[in-house]
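Just so you know, these numbers come straight off a predicted model, no measurement behind them.
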Amino acid sequence: MKWKSWVVMLVVPVAALAAGVWVKLDPRVNISRAAMVTRVKGYLDDVHDWLVDLPPLEGLAHRIKQNATSDLSVNTDSYSNSGSSTDATTGSGGAASSSSASSSATQTPTESIVQGVQLANTYYYHFTNGTPASVQAVFKQAVAVYNATHIVSIRPGTGTQVQNRITFGTYRKQMGADADGTLELGKGGPEIVKRITSTGDVKVIVNRGTARLNVNYQDAIALPVALHELGHALGLDHNTQSKASVMYPIDQGVTTLSTDDLNGLKSIYGQQ
């Protein structure tokens, strides 16, 4: 490996994390936290773009961006299971309210960061190391459901720098006593990366989406949850108006995409 690659691997992640910690802890920062994080986020976007092109560091790239810009996160939503499935607000474990688009009666909303973005409808997916076979199986089932729409095409593989990519994986989160009977079953969301030419023009825009299941709970390893989190990775937001939608924020056991969901996908990818 060239020495420049080692510099990227060792120095850049440390610098990025240090910037995030400084923003959070330095008492001399007298501007608003959100404003400072916005400035740092621009720098981290560049760091992230360097790291995602090095496959061994892709996971680190996602963690750096997520940890250092948590105040501005609008690209990750969670799926919940609640004993009171009639209350949409008690089941929302993520920041869906900050990232939702204006919804209509016939379309599942889309994440704000994909609105107005021209994305190719072909994706390549892979699993993080150590992903259990049971989790891989339900995500593959979810991929088959989305592929059957012919609106998107999701294929196994890592893809290239200029192709859309989805990373499937797991995490563990134990819900506390204040969870009010709600379990967080998964997280997912899109992450838009812009490739810029030497002249400053946008060469291509790609999505580096992620979808993960909370394996602390057996209920998370199920097709409805995988469909929901994959929907987020593709750019769909929560649909609080229809329990027939896979994007309803509380698990309803739905295993097929509704007309609203299909219309939401079409609003992002059109009929390519």
Side-chain angles (χ1 to χ4, degrees), residues 52 55 58 62 75-79 101 106-111 113-115 117-128 131-170 185-193 204-213 220-239 242-249 251-272:
V52 292
E58 184 177 3
H62 290 305
N75 65 331
T76 301
D77 291 294
S78 60
Y79 195 38
T106 58
Q107 177 184 311
T108 293
T110 57
E111 300 275 7
I113 63 172
V114 304
Q115 295 167 29
V117 176
Q118 187 173 359
L119 290 170
N121 69 339
T122 298
Y123 281 80
Y124 291 86
Y125 73 87
H126 66 282
F127 296 94
T128 57
T131 301
S134 57
V135 173
Q136 293 190 33
V138 294
F139 272 129
K140 288 178 180 178
Q141 291 177 44
V143 165
V145 172
Y146 279 93
N147 281 342
T149 69
H150 303 293
I151 299 172
V152 291
S153 176
I154 311 171
R155 310 168 183 176
T158 57
T160 68
Q161 296 180 10
V162 295
Q163 292 175 317
N164 295 321
R165 184 186 305 164
I166 294 176
T167 302
F168 293 126
T170 63
L185 301 181
K187 286 183 177 293
E191 191 170 296
I192 301 303
V193 177
V204 66
I205 300 176
V206 295
N207 181 10
R208 295 287 187 255
T210 58
R212 299 179 296 154
L213 303 184
I221 308 175
L223 179 57
V225 186
L227 285 170
H228 182 96
E229 301 310 335
L230 178 51
H232 279 313
L234 292 169
L236 295 178
D237 203 347
H238 284 153
N239 184 343
S242 173
K243 292 184 179 180
S245 167
V246 298
M247 301 310 296
Y248 191 76
D251 185 10
Q252 301 295 308
V254 177
T255 58
T256 58
L257 300 180
S258 69
T259 299
D260 286 2
D261 299 331
L262 296 176
N263 289 338
L265 286 174
K266 290 176 183 177
S267 73
I268 303 171
Y269 301 99
Q271 295 291 345
Q272 301 182 39

Evaluate the side-chain contact (heavy atoms from CB on, under 4.5 Å) criterion for residues I151 and N121: first the C-alpha distance (whole Å), next the side-chain angles of each, then the deciding distance (0.1 Å), finally the verdict.
-> CA-CA 7 Å; I151 299 172; N121 69 339; 6.0 Å; no
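- In this structure, T131 and Q136 have side chains that are in contact, with non-hydrogen atoms separated by less than 4.5 Å.
- Aromatic ring pairs are classed by plane angle as parallel below 30°, tilted from 30° to 60° and perpendicular above 60°; the pair F139 and F127 is tilted.
- The closest donor-acceptor contact from the side chain of H238 to the backbone of M247 lies at 3.5 Å or more, if one exists at all.
- Nearest heavy atom pair, residue I154 against residue V143, reads O-CG1, 3.6 Å.
- Here the closest heavy-atom approach between residue N147 and residue V152 is recorded as OD1-O, 3.6 Å.
- Atom CG of L236 sits about 11.0 Å away from atom CG of L227, to the nearest 0.5 Å.
- Between the side chains of S153 and R155, at least one donor N or O lies within less than 3.5 Å of an accepting N or O.
- Atoms CG and CD, from N207 and E191 in turn, are 8.0 Å apart once rounded to the nearest 0.5 Å.
- Here the closest heavy-atom approach between residue Q141 and residue L223 is recorded as CB-CD1, 3.8 Å.
- We find the CG-OG1 distance between L265 and T149 to be 6.0 Å, quoted to the nearest 0.5 Å.
- For the pair T128 and T170, the minimum side-chain heavy-atom distance is 4.5 Å or more.
- There is no side-chain donor-acceptor pair under 3.5 Å between Y124 and N164.
- In this structure, OG1 in T122 is found 11.5 Å from CG in L119, a value given to the nearest 0.5 Å.
- Closest heavy-atom contact between E229 and R212: CG-O, 3.9 Å.
- With P190 as reference, V114 is the one residue of I166, I268, T210, V114 to meet the side chain to side chain contact (heavy atoms under 4.5 Å, CB included) rule.
- A 4.5 Å side-chain heavy-atom check between H126 and P156 finds every atom pair outside the cut-off.
- The distance from the CZ atom of F168 to the NZ atom of K140 is 10.5 Å, given to the nearest 0.5 Å.
- Here the straight-line distance linking atom CZ of R208 with atom CZ of R165 works out to 4.0 Å at 0.5 Å rounding.
- Contact of the D237 side chain with the H232 side chain is registered, since non-hydrogen atoms from C-beta on lie closer than 4.5 Å.
- The shortest distance between side-chain heavy atoms of Y269 and L234 falls below 4.5 Å.
- Considering only heavy atoms from C-beta on, L257 comes within 4.5 Å of V145 through its side chain.
- Inspection of the D261 and T108 side chains reveals an N or O donor paired with an N or O acceptor under 3.5 Å.
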Applying side-chain contact (heavy atoms from CB on, under 4.5 Å), run through Q163 and V206 and close with a yes or a no.
-> CA-CA 6 Å; Q163 292 175 317; V206 295; 5.7 Å; no
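- A donor-acceptor pair shorter than 3.5 Å cannot be found between the side chains of N239 and S242.
- In terms of heavy-atom proximity, S245 sits nearest to S258 at CA-OG, 3.8 Å.
- Contact record, L230 with Y146: CD2-CD1, 3.4 Å, taken as the closest heavy-atom pair.
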